[in-house]
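Here is the structure we will look at.
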2 protein chains.
Amino acid sequence: MTEDDDRMVLLRFVERFALVLRESGMPPMPARVLAYALADDADRYTAGDLARGLDVSPAAISGAVRLLVSLRLLSREREPGTRSDLYVLDDRDLWSRFMGTELATLERFEEAAASGVEVLGAHRPGGRRLAETRDFLAFLREELTAALARWPAERDRRAAARAAESSRATARRPAGQKG
Amino acid sequence: MTEDDDRMVLLRFVERFALVLRESGMPPMPARVLAYALADDADRYTAGDLARGLDVSPAAISGAVRLLVSLRLLSREREPGTRSDLYVLDDRDLWSRFMGTELATLERFEEAAASGVEVLGAHRPGGRRLAETRDFLAFLREELTAALARWPAERDRRAAARAAESSRATARRPAGQKG
DNA sequence: CACATACTTCACAAATGTGTGAAAGATGTG
DNA sequence: CACATCTTTCACACATTTGTGAAGTATGTG
């Protein structure tokens, strides 16, 4: 009962989150698998787990994990003496990796703009606009790279802040009488 | 001859750049229109200009500019006494705007992650991962917003550097004898 | 006010993408 | 070494997306 409810809540979330991932260009099934692996409580999944958990065919999982592994968003592991691969979502820097793939796209943008400047000529209005575009993309890439490097420290800082906050809250509850 | 060649070069670039835009989630035709408006030398286009320039049907342009205008990447203007709208690519902060739409996506991500924490509970492993995801997205949004605010100044700085560089180069050519 | 021009809307044909079932391929077990 | 289990590959049906032609709408012109 409650277990089924939980599962529905989870699957509903999966669809919601996957939708946003899809709007960022990820195909539907990989998006679902990523969202599921992120939100469900296990930290390693066999292909069968994912297929059953999402209630889709194993074939669909096969294609989805192939993409996710190639993007480094999942990694494949093998437990000795077992016949299934295990897919693990390395959440320590999942989002850094995700942004890594975005940075690669940004670089492709930059290259395209630069080649446009080259073939069209920087003196013409169109070429000038492309040069400015290229500069912007370069700037953005520098900024993102720097931000990404700051993230691990920032994450720990935020996690510590959250922990302090919640321990203050629990300390207040049992002993907080002398207001 | 040369004019046709130029046009081919332009259209080839348009396709190349549009391809990257498409990988970032933009539909093909809007991507082409944006790339064309960016790279061609005019600074305002009627729908007909775009249709002829890209050699596609006016109907396709209609849908494409609707999207681009809604994203604020093109703006629609109307010259008095004429019967066509003019589409202008406001390149002064085109890319800031483009990133603005990306920021909106980021915000949707953040909301989705936050709602996941809410419905799944922050104490479970899945919920904890989602909380970290939400934090990362918030961080990224702050960083991007800050970077975007820095861009105008940075752009002028880079433009000035380029101008100084090129004037130094032209000054060196005619008079640069006493090396 | 009929007409010409430019654009938009709509229905459709073509292309593309997506997930399934069936068959084939691995890999460990008795 | 036959078998059981799990995964991958492949062909296909289904759905979605895309851009076109044709018809309709708006707007300025004679």
Side-chain angles (χ1 to χ4, degrees), chain A residues 11 14-15 17-37 42 44-71 73-89, chain B residues 11 14-37 42 44-71 74-89:
Chain A
L11 288 184
V14 164
E15 287 304 329
F17 198 79
L19 197 68
V20 192
L21 284 166
R22 287 170 61 182
E23 283 170 14
S24 308
M26 188 176 287
M29 197 56 82
R32 281 195 274 264
V33 169
L34 181 58
Y36 181 83
R44 359 170 73 57
Y45 304 85
T46 66
D49 293 337
L50 296 170
R52 278 184 302 276
L54 287 167
D55 194 28
V56 297
S57 76
I61 298 297
S62 180
V65 295
R66 180 149 25 109
L67 178 72
L68 292 172
V69 166
S70 84
L71 293 178
L73 297 178
L74 283 185
S75 65
R76 213 188 301 262
E77 291 186 359
R78 194 37 151 320
E79 208 69 27
T82 183
R83 96 200 80 183
S84 327
D85 285 336
L86 288 173
Y87 296 97
V88 354
L89 178 141
Chain B
L11 288 183
V14 164
E15 287 304 329
R16 195 147 22 111
F17 199 79
L19 196 69
V20 191
L21 284 166
R22 287 170 61 183
E23 284 170 13
S24 307
M26 188 176 286
M29 197 57 81
R32 281 195 274 264
V33 169
L34 180 58
Y36 181 83
R44 1 171 69 60
Y45 304 85
T46 66
D49 292 338
L50 296 170
R52 279 183 301 277
L54 287 166
D55 193 29
V56 298
S57 77
I61 298 297
S62 179
V65 295
R66 181 151 23 113
L67 178 71
L68 291 172
V69 166
S70 83
L71 293 178
L74 282 186
S75 65
R76 213 188 300 261
E77 292 186 357
R78 194 35 147 331
E79 208 69 27
T82 183
R83 97 198 81 184
S84 327
D85 285 336
L86 289 174
Y87 296 97
V88 356
L89 179 141

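Chain naming here is simple, since letters A, B, ... match the order of the sequence lines and numbering starts at 1 in each.
- A straight line from CG of A/Asp85 to P of C/dG25 spans 19 Å, rounded to a whole angstrom.
- Of all non-hydrogen atoms in A/Val33 and A/Ala64, the two that sit nearest each other are CG2-CB, 3.8 Å.
- Partners of B/Ser70 according to the side chain to side chain contact (heavy atoms under 4.5 Å, CB included) rule, which considers only residues two or more places apart in sequence or in another chain, are B/Leu67.
- Applying the side chain to side chain donor-acceptor pair (under 3.5 Å) test to B/Arg44 and every residue at least two apart in sequence or in another chain returns B/Glu77.
- Among the protein residues, A/Tyr45 comes within range of no part of the nucleic acid, since none of its heavy atoms lies under 4.0 Å from any strand.
- Note on B/Arg66: a side-chain N or O is less than 4.0 Å away from OP1 or OP2 of C/dT9.
- Counting to the nearest Å, the C1' atom of D/dT18 and the CG atom of B/Leu21 are 17 Å from each other.
- Residue B/Ser84 places at least one side-chain N or O closer than 4.0 Å to OP1 or OP2 of C/dC7.
- Identified under the salt bridge (Lys or Arg N to Asp or Glu O under 4.0 Å) test for residues 57-67 of chain A, with sequence neighbours left out: none.
- For the side chain to side chain donor-acceptor pair (under 3.5 Å) test, no residue two or more places apart in sequence or in another chain qualifies with A/Tyr45.
- Applying the side chain to side chain donor-acceptor pair (under 3.5 Å) criterion to A/Arg76, with sequence neighbours excluded, gives A/Tyr87.
- As rounded to whole Å, 18 Å separates atom C1' of C/dA6 from atom CD of B/Glu77.
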Between the protein and nucleotides 15-21 of chain C, list every N/O to N/O distance that falls short of 3.5 Å.
from, atom 1, to, atom 2, distance (Å)
C/dG19, OP1, A/Arg32, NH2, 2.6
C/dT20, OP2, A/Ser57, N, 3.1
C/dT20, OP2, A/Ser57, OG, 2.7

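- For the pair B/Asp49 CG and C/dA6 C1', the computed distance is 12 Å after rounding to whole Å.
- The distance from atom CZ of A/Arg22 to atom P of D/dA15 is 15 Å, rounded to the nearest whole Å.
- Atom CD in A/Glu23 sits roughly 12 Å away from atom P in D/dT17 (whole-Å rounding).
- Going from atom CD1 of A/Ile61 over to atom C1' of D/dT8 covers 13 Å, rounded to whole Å.
- Heavy atoms of A/Arg76 sit under 4.0 angstrom from primed sugar atoms or phosphate atoms, though from no base atom.
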Give every donor-acceptor pair under 3.5 Å between a side-chain atom in residues 16-31 of chain B and any protein atom, sequence neighbours left out.
from, atom 1, to, atom 2, distance (Å)
B/Arg16, NH1, A/Ser115, OG, 2.4
B/Glu23, OE1, A/Arg108, NH2, 2.4
B/Glu23, OE2, A/Arg108, NH2, 2.9
B/Ser24, OG, B/Val20, O, 3.2

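- Residues satisfying the side chain to side chain donor-acceptor pair (under 3.5 Å) test with B/Asp49, not counting sequence neighbours, are B/Thr46, B/Arg52.
- Considering only heavy atoms from C-beta on, B/Leu34 comes within 4.5 Å of B/Leu89 through its side chain.
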Enumerate all atom pairs, one protein N or O and one N or O from nucleotides 24-30 of chain D, separated by less than 3.5 Å.
none

